[in-house]
Each structure stands twice: as structure tokens, then as C-alpha cells.
Chemist: 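Provided herewith is a single structure, encoded as C-alpha cells, for subsequent inquiry.
Predicted model only: the values in this text are computed from it and were never measured. Hydrogens, waters and symmetry mates are skipped; everything else that's a heavy atom, side chains included, is used.
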Amino acid sequence: QVQLVESGGGSVQAGGSLKLSCVVSGNIFSRCGMGWYRQAPGKERELVSTITSDGTTNYADSVKGRFTISQDNVKNTMYLQMNSLATEDTAVYYCAAWLSSGGCSYGNRNRYWGQGTQVTVSS
């Protein structure tokens, strides 16, 4: 079975930095991509950033220029470097991975979730 484990969350002052990690283990097969979501209190879960297996990245407008997503394909590990953190970034951050037993088309891939890690930014 597939497992995703996040780490690196915590409490930080506004303007500070945190680096999140997500390790994927188990029956991985083909890894199509990974990403980070977050959910603030009273709000829906939103996409923060994604990265494909070949390194193509995407960012939500709210984090562009401040967050950087990266990965180590050998270690099946994804990172999110968060700089210039603001109180609005406070949320539970979830790791996601899209895996497939075949190709990485929309119909083939399956999404797996981590349990989340809390990020709290104080003023």
C-alpha cells in the first residue's frame, strides 16, 4: 500500500521560512506527479503547487515568488520551501501524489494523500 508522510510544519513568525517534506513509500509503480494542498480554518482545500515527474512546476497566485516546490526522484521525496510567510498562509498542508500502473493520463492516475502538517504563522 502507498503511504505519504509529511514533515516540517510548525509555528513561525511572519516573514519567516519553513520547509516541508513529503516521502512516498509502498507500491509506487509510476509516479506521475506530486503536489501540495492546504486548508485554512473554515475554508475549502486549495491547491498550492504541483510538480510533475520531469520537473514542470505550477503555483497558485497567492504563493508565487515566495514558495518553491522541488523533488528528489530517487528518494521519492517532495519539498516545499516557504519563504516570506504571512498569517494568511496558516493552514494544514497536505501532500498529494498521482501514481499510475500504466500511463499518466487523467483516467489512469490515482491520487493519494498524506495526513497533513500544521503550519501556523503569527504576526
Chemist: Mind checking whether M82 and D89 have side chains closer than 4.5 Å, heavy atoms only?
Modeler: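 They are not in contact (no side-chain heavy atoms under 4.5 Å apart), so the answer is no.
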Chemist: Determine the minimum heavy-atom distance between S122 and Q13, stating which atoms define it.
Modeler: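 Between these two residues, the closest heavy atoms are OG-OE1, 2.7 Å.
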Chemist: Would you call L4 and V23 a side-chain contact if the rule is heavy atoms closer than 4.5 Å?
Modeler: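 With C-beta onward as the side chain, the pair stays apart.
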Chemist: For atom CD of E46, is the number of surrounding heavy atoms from other residues, nucleotides or ligands below 6.0 Å larger than 12?
Modeler: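 It does: E46 CD has more than 12 such atoms within range.
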Chemist: Measure the spacing between SG of C32 and CZ of R109 and express it to the nearest 0.5 Å.
Modeler: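 Answer rounded to 0.5 Å: 7.0 Å.
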Chemist: Listed by chain and number, what are the salt bridge (charged side-chain N to carboxylate O under 4.0 Å, His left out) partners of R45, not counting sequence neighbours?
Modeler: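 Listed in chain order: nothing, the list is empty.
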Chemist: So do L20 and T117 actually touch side chain to side chain, heavy atoms under 4.5 Å?
Modeler: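 Side chain of T117 against side chain of L20, heavy atoms only: contact under 4.5 Å found.
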Chemist: Among all residues two or more places apart in sequence or in another chain, which pass the salt bridge (charged side-chain N to carboxylate O under 4.0 Å, His left out) test with D61?
Modeler: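 D61: salt bridge (charged side-chain N to carboxylate O under 4.0 Å, His left out) contacts with K64.
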Chemist: Does any N or O in the side chain of D54 come within less than 3.5 Å of the main-chain N or O of T56, such that one atom is a donor and the other an acceptor?
Modeler: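 Yes.
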Chemist: Tell me whether I28 is reachable from V2 by hopping between hydrophobic residues (I, L, V, M, F, W, Y) whose side-chain heavy atoms are closer than 4.5 Å.
Modeler: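 Yes; tracing contacts between hydrophobic side chains, which count when under 4.5 Å, links both residues.
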Chemist: Taking the six-membered ring for Trp, is the centroid-to-centroid distance between W113 and Y37 below 6.0 Å?
Modeler: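 Judged by ring-centre distance (under 6.0 Å), W113 and Y37 do meet the cut-off.
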Chemist: Rounded to the nearest 0.5 Å, what separates atom CG in N108 from atom OG in S101?
Modeler: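 Here the rounded value is 7.0 Å.
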Chemist: Is a donor on one side and an acceptor on the other found under 3.5 Å between the side chain of S49 and the backbone of N58?
Modeler: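 Flag set: sc S49 to bb N58 pair under 3.5 Å.
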Chemist: Is R66 reaching over with its side chain to a backbone N or O of S84, donor-acceptor style, under 3.5 angstrom?
Modeler: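 It does hold such a pair.
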Chemist: Contact between L18 and L85 at the side-chain level, heavy atoms closer than 4.5 Å - yes or no?
Modeler: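 Contact flag for L18/L85 side chains = yes.
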Chemist: Side-chain contact test, heavy atoms from C-beta onward, threshold under 4.5 Å: evaluate it for C95 versus M34 and give yes or no.
Modeler: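 A side-chain contact under 4.5 Å exists here.
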Chemist: Tell me if a side-chain donor or acceptor on Q118 pairs with a main-chain N or O of S11 at a distance below 3.5 Å.
Modeler: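 Side chain of Q118 to backbone of S11: no pair is present.
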Chemist: Using only atom types and a distance under 3.5 Å, with no angle test, would you say the side chain of T68 pairs donor to acceptor with the backbone of Q81?
Modeler: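 A pair under 3.5 Å: no.
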Chemist: So do R38 and S62 actually touch side chain to side chain, heavy atoms under 4.5 Å?
Modeler: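 Yes - at least one pair of side-chain heavy atoms lies under 4.5 Å apart.
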Chemist: List the atom of Y79, the atom of S21, and the distance in Å for their closest heavy-atom pair.
Modeler: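 Distance-wise, the nearest heavy atoms are CD2-OG, 3.3 Å.
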Chemist: Taking the side chain as every heavy atom from C-beta outward, state whether F67 and L80 have any atom pair closer than 4.5 Å.
Modeler: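 A side-chain contact under 4.5 Å exists here.
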Chemist: Rounded at 0.5 Å granularity, tell me how far OH in Y112 sits from CZ in R31.
Modeler: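 Going from OH on Y112 over to CZ on R31, the span is 14.0 Å.
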Chemist: Hey, is the main chain of Q115 close enough, under 3.5 Å, to the side chain of E6 for a donor-acceptor pair?
Modeler: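 Side chain of E6 to backbone of Q115, a donor-acceptor pair under 3.5 Å: yes, one is there.
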Chemist: Shortest non-hydrogen contact from T50 to L47?
Modeler: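 What the structure gives for the nearest pair is CG2-CD1, 3.6 Å.
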Chemist: Would you check if T120 and V12 make a side-chain contact, meaning some heavy-atom pair closer than 4.5 Å?
Modeler: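 Contact flag for T120/V12 side chains = no.
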Chemist: Provide the full list of salt bridge (charged side-chain N to carboxylate O under 4.0 Å, His left out) pairs with a residue in residues 69-88, sequence neighbours left out, each pair given once.
Modeler: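 For residues 69-88, and leaving out neighbouring residues, there are no salt bridge (charged side-chain N to carboxylate O under 4.0 Å, His left out) pairs at all.
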Chemist: Can you see which heavy atom on G102 is nearest to which on S100, and at what distance?
Modeler: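 Closest heavy-atom pair between G102 and S100: N-OG, 3.0 Å.
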Chemist: To the closest 0.5 Å, what do you measure between CG (L99) and OG (S30)?
Modeler: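 Reported value, rounded in 0.5 Å steps: 8.5 Å.
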Chemist: State whether the side chain of Y59 and the backbone N or O of I69 hold a donor-acceptor pair below 3.5 Å, judged by distance alone.
Modeler: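 Pair found, side chain donor or acceptor close to backbone of I69.
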